[in-house]
Peer 1: 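Quick one: structure below, then a few questions.
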Amino acid sequence: MSSTVQDLIARSNALGADPRFTNYAGGNTSAKGTAVDPVTGEDVELLWVKGSGGDLGTLTEEGLAVLRLDRVRALRGIYPGVEREDEMVAAFDYCLHGKGGAAPSIDTAMHALVDAAHVDHLHPDAGIAIACAADGEKLTEQVFGDKVVWVPWRRPGFQLGLDIAAIKEANPQAVGTVLGGHGITAWGDTSEEAEANSRWIIETAETYLAQNSVAEPFGPVLDGYGPLPEAERRARAAALAPVVRGIASHDRPQVGHFTDSGVVLDFLAREQHPRLAALGTSCPDHFLRTKVKPLVLDLPATATVEEQVERLKELHEAYRADYQAYYDRHADENSPAIRGADPLIVLVPGVGMFSYGKDAQTARVAGEFYVNAINVMRGAEGVSTYAPIEEAEKFRIEYWALEEAKLARMPKPKPLATRIALVTGAASGIGKAIATRLAAEGACVVVADLDLAKAQAAAAELGSTDVAVGVAADVSDPEAVRAAVDEAVLAFGGLDLVVNNAGLSISKPLLETTEKDWDLQHDVMAKGSFLVAQAAARVLIAQGLGGDIVYIASKNSVFAGPNNIAYSAVKADQAHQVRLLAAELGEHGIKVNGVNPDGVVRGSGIFAGGWGAQRAKTYGIAEDDLGKFYAQRTLLKREVLPEHVANAVFVLTGGELSHTTGLHVPVDAGVAAAFLR
């Protein structure tokens, strides 16, 4: 890696790591330098620039587009004008050096045409606040003097690159620009100078806003709109989340994220929040993630849950009609089809913000972008009036053919994408294997276990908190079950797939089985499955999106084995719960199925906890030989592993068996005595 590229990546990571400077996947950086052309052996001048869709904070060399600078500059000669400038993105492909690296973004021209060795384009909240102020041009001069030049709003593209290049040439004293309705651009002769200029512009804007803002940019606090106490706020959010997710998923399923940050709660408590929210976001990166405006509940925090639910449903219908009208006002015969009319941001005064996306990261980032938008509104209102770009321009960005092409290039979603799974007893054994398989197939997974530390450790093995979270769950305790389900709902927005796996076993003959043995197993597996299914069903029904409940029962639910009265009886209880709930919940589109494993020794928490020794004693064999023993008594002569049970859960929930409910799938390698009949 050349020193030019090393310096560019270091600068990009430093700027991208600070949310004050730019948002996730927003902005781009570049450097110009020379490298040897492997064909001619001569030096060639190159542009390294962050590629389309990359993130500055995590940028690596693979995320850079590499172009021949002479060829990009030569595009001036074929530029057909602003009405056809989208064609210029395809032209960048003819400017690539070698394999070219990442796909060039629409902002490539800005970096190539500006006569500076290093260029940064960023989306800082303070900079966008000035860019979105009604008198942004005047403010730019007041804040920066002649060191930063105002650029009127222009959609990103080749012409914007020409505009900034001309400004740089005409203003040799300038170190950057404020792009109306958009962000900032800065440059320098060295990477250090470019970064310093970017930081100076942002920090100068922040200082000006802090020193000159009115005391209450969003107006006074509205009576009844202040934040609820934390515990009450979280409980209200958990109660509303399934309904709100159903609203956001009317057209297509979405994963959710909830935040009750101080920034959000203060905004929603203030008098001006309805007016400002209705104006929508401005920076293209913002409304591409959040839609042009949010759905805002127009009731105080003091309203009841029932009143809020009823009003949210009314507002959803109005939102959909309004969004359809927005699309119809601006779409023409070349516009992409409408991408859905549901909100991606739902704001509830006194409670917080729900944000949505195709996965947990997208949902979380959408919320972060709306926090950016709130910061922009505060800054602009503090020194001027918030004035985002015109609606027609927002539509041109949102339904840009280039944006549609980017979406079309996205990989096909995994089978369980957008699905949120809760697996009990998932810190080890079968439960852990199920959680691992569901996460691998695209689900967001809540790992629930009696031991919180083990649940969190198992979740961490699956990935970041955008993939899995660990929660404590004593399934025999109704309060603990409700708390675990609430945590799941607040982590990912709702529930779609619940696996009743938590269990234990004590192998004893009838005369040695105590009442305590009986009660413990029934409390954990029969009562526990009932409590989890009940709490989950409330969420599934409120969402209106259907769902899956899967019971991990056992071959013993239909097979009468020796010395196993309590365990086998409770497994029969679970098996019949499957049939009963399948019959009851079918009208809500909720499928309920079971899996009947047998002889899962390797990796099993139950067997490791003493069950293996007990069963080995019953059969008169060494405990280490138990797996082989179970395999030899099967028709297929194969040992059953936790992963095989996980496979069955995936088959039942992955979409292919969409019309199957009330089924028990044997995963026992073939035990004839346990055949269902």
Peer 1: Does Ser249 reach the main-chain N or O of Gln254 with its side chain, forming a donor-acceptor pair under 3.5 Å?
Peer 2: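 At least one qualifying donor-acceptor pair exists.
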Peer 1: State the CG-CD distance between Asp466 and Gln361, to the nearest 0.5 angstrom.
Peer 2: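 It comes to 5.5 Å.
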Peer 1: Do side-chain atoms of Glu381 reach the backbone of Tyr386 as a donor and acceptor pair under 3.5 angstrom?
Peer 2: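 Looks like yes, one N/O pair under 3.5 Å.
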Peer 1: Does Gln6, at its CD atom, have more than 12 non-hydrogen atoms belonging to other residues, nucleotides or ligands within less than 6.0 Å?
Peer 2: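 Yes, CD of Gln6 has more than 12 neighbouring heavy atoms, counting only those of other groups under 6.0 Å.
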Peer 1: Between Arg154 and Asp163, is there a salt bridge with N-O shorter than 4.0 Å?
Peer 2: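 Answer for the salt bridge query: yes.
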Peer 1: Can a donor-acceptor pair be found between the side chains of Ser198 and Asp120 at a distance below 3.5 Å?
Peer 2: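 Asp120 and Ser198 do have a side-chain donor-acceptor pair below 3.5 Å.
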Peer 1: As an exercise, state the distance from OG1 of Thr204 to CZ of Phe144, rounded to the nearest 0.5 Å.
Peer 2: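 Here the interatomic distance stands at 6.0 Å.
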Peer 1: Are Tyr327 and Phe395 close enough that their ring centres sit under 6.0 Å apart?
Peer 2: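 They qualify: ring centres under 6.0 Å apart.
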Peer 1: Using 0.5 Å steps for rounding, measure from the CG atom of Leu47 to the CG atom of Asp70.
Peer 2: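 Result: 11.5 Å between the selected atoms.
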Peer 1: Decide if atom CD of Glu230 counts as having more than 12 heavy atoms of other residues, nucleotides or ligands within a radius under 6.0 Å.
Peer 2: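 Atom CD in Glu230 is not crowded, with 12 or fewer foreign heavy atoms closer than 6.0 Å.
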Peer 1: Pick one: which of Thr29, Leu67, Leu8 meets side-chain contact (heavy atoms from CB on, under 4.5 Å) with Trp48?
Peer 2: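 The option that passes is Leu8.
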Peer 1: Please check this pair: side chain of Lys394 against backbone of Thr281, looking for a donor-acceptor N/O pair closer than 3.5 Å.
Peer 2: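 Checked: pair present.
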Peer 1: Do Ile9 and Asn13 come close enough that some side-chain heavy atom pair is under 4.5 Å?
Peer 2: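 The answer is yes; the side chains approach within 4.5 Å.
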Peer 1: Checking side-chain polar atoms at under 3.5 Å, does Glu391 have a donor or acceptor matched by the opposite partner on His330?
Peer 2: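 A donor-acceptor contact under 3.5 Å links the two side chains.
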Peer 1: Spell out, as yes or no, whether a donor-acceptor pair under 3.5 Å connects the side chain of Tyr356 to the backbone of Asp359.
Peer 2: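 Absent.
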Peer 1: Under the 6.0 Å and 45° cation-pi test, does Arg71 pair with Tyr94?
Peer 2: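 Geometry flag: not set, cation outside 6.0 Å or 45°.
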Peer 1: Where the side chain of Asp251 meets the backbone of Ala341, is there a donor-acceptor pair that is under 3.5 Å apart?
Peer 2: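 Present.
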Peer 1: For Glu271 and Tyr225, test the side chains for any donor-to-acceptor distance below 3.5 angstrom and give the result as yes or no.
Peer 2: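 No, because no side-chain N or O of Glu271 sits under 3.5 Å from a partner of the opposite role on Tyr225.
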Peer 1: Please answer whether the main-chain N or O of His111 pairs with a side-chain N or O of Lys32 as donor and acceptor at a distance below 3.5 Å.
Peer 2: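 Here the side-chain-to-backbone pair exists.
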Peer 1: Using a 3.5 Å distance criterion without hydrogens, assess whether the side chain of Asn197 forms a donor-acceptor pair with backbone atoms of Glu193.
Peer 2: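 Answer holds: yes.
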Peer 1: Got a second to check how far Ile374's CD1 is from Ser261's OG, nearest 0.5 Å?
Peer 2: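 Taking CD1 in Ile374 and OG in Ser261, the distance rounds to 7.0 Å.
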Peer 1: Can you tell me if Arg364 uses its side chain to pair, donor with acceptor, with the backbone of His257 under 3.5 Å?
Peer 2: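 Such a contact is absent between Arg364 side chain and His257 backbone.
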Peer 1: Under 3.5 Å, is there a donor on one side chain and an acceptor on the other for Asp115 and Trp187?
Peer 2: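 Distance-only check fails for Asp115 and Trp187.
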Peer 1: For Lys291, I'd like to know if atom NZ has over 12 heavy atoms of other residues, nucleotides or ligands within 6.0 Å.
Peer 2: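 Check passes, neighbour count above 12.
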Peer 1: Cation-pi check for Trp200 against Lys147: NZ or CZ below 6.0 Å from the six-membered ring centre and within 45 degrees of the axis, yes or no?
Peer 2: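 Geometry flag: set, cation within 6.0 Å and 45°.
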Peer 1: Can you list the steps and then say if Leu46 with Arg68 is a side-chain contact (heavy atoms from CB on, under 4.5 Å)?
Peer 2: CA-CA 5 Å; Leu46 299 178; Arg68 288 187 54 134; 4.1 Å; yes
Peer 1: Do any N or O atoms from the side chain of His273 and from the backbone of Arg270 form a donor-acceptor pair under 3.5 angstrom?
Peer 2: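 At least one qualifying donor-acceptor pair exists.
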Peer 1: Any donor-acceptor pair under 3.5 Å linking the side-chain atoms of Asp189 with those of His118?
Peer 2: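 Side-chain D/A pair, His118 to Asp189: absent.
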Peer 1: Considering the options Tyr370, Phe492, Phe258, which one meets the ring-ring contact (aromatic ring centres under 6.0 Å, His included) requirement together with Phe354?
Peer 2: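 Output: one option passes, namely Phe258.
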Peer 1: Just by modelled atom types, is the Ala131 backbone N or O under 3.5 Å from a matching donor or acceptor in the Trp153 side chain?
Peer 2: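 It does not hold such a pair.
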Peer 1: Between the side chains of Glu398 and Tyr326, is a donor N or O closer than 3.5 angstrom to an acceptor N or O?
Peer 2: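 Side chains of Glu398 and Tyr326: pair found under 3.5 Å.
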Peer 1: Can you tell me if CD on Glu390 sees more than 12 non-hydrogen neighbours from other groups inside 6.0 Å?
Peer 2: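 Not more than 12 within 6.0 Å, no.
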Peer 1: Indicate whether the side chain of Glu368 and that of Asn372 have a donor and an acceptor atom separated by less than 3.5 Å.
Peer 2: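 Note: Glu368 and Asn372 side chains miss the donor-acceptor criterion.
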Peer 1: Step through the shown structure and confirm whether more than 12 heavy atoms of other residues, nucleotides or ligands are within 6.0 Å of CD on Glu45.
Peer 2: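 Check passes, neighbour count above 12.
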Peer 1: Could you tell me if the side chain of Val371 sits less than 4.5 Å from the side chain of Met353, heavy atoms only?
Peer 2: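 Heavy-atom side-chain distance check passes, below 4.5 Å.
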Peer 1: Do Thr34 and Asp43 get their side chains close enough for a donor-acceptor pair, meaning under 3.5 Å?
Peer 2: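 No.
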Peer 1: Got a second to check how far Leu15's CG is from Thr22's OG1, nearest 0.5 Å?
Peer 2: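 The CG atom of Leu15 sits 8.5 Å away from the OG1 atom of Thr22.
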Peer 1: How long is the straight-line distance from CZ of Phe21 back to CD1 of Ile184, given to the nearest 0.5 Å?
Peer 2: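 Atom-to-atom, Ile184:CD1 and Phe21:CZ are 9.0 Å apart.
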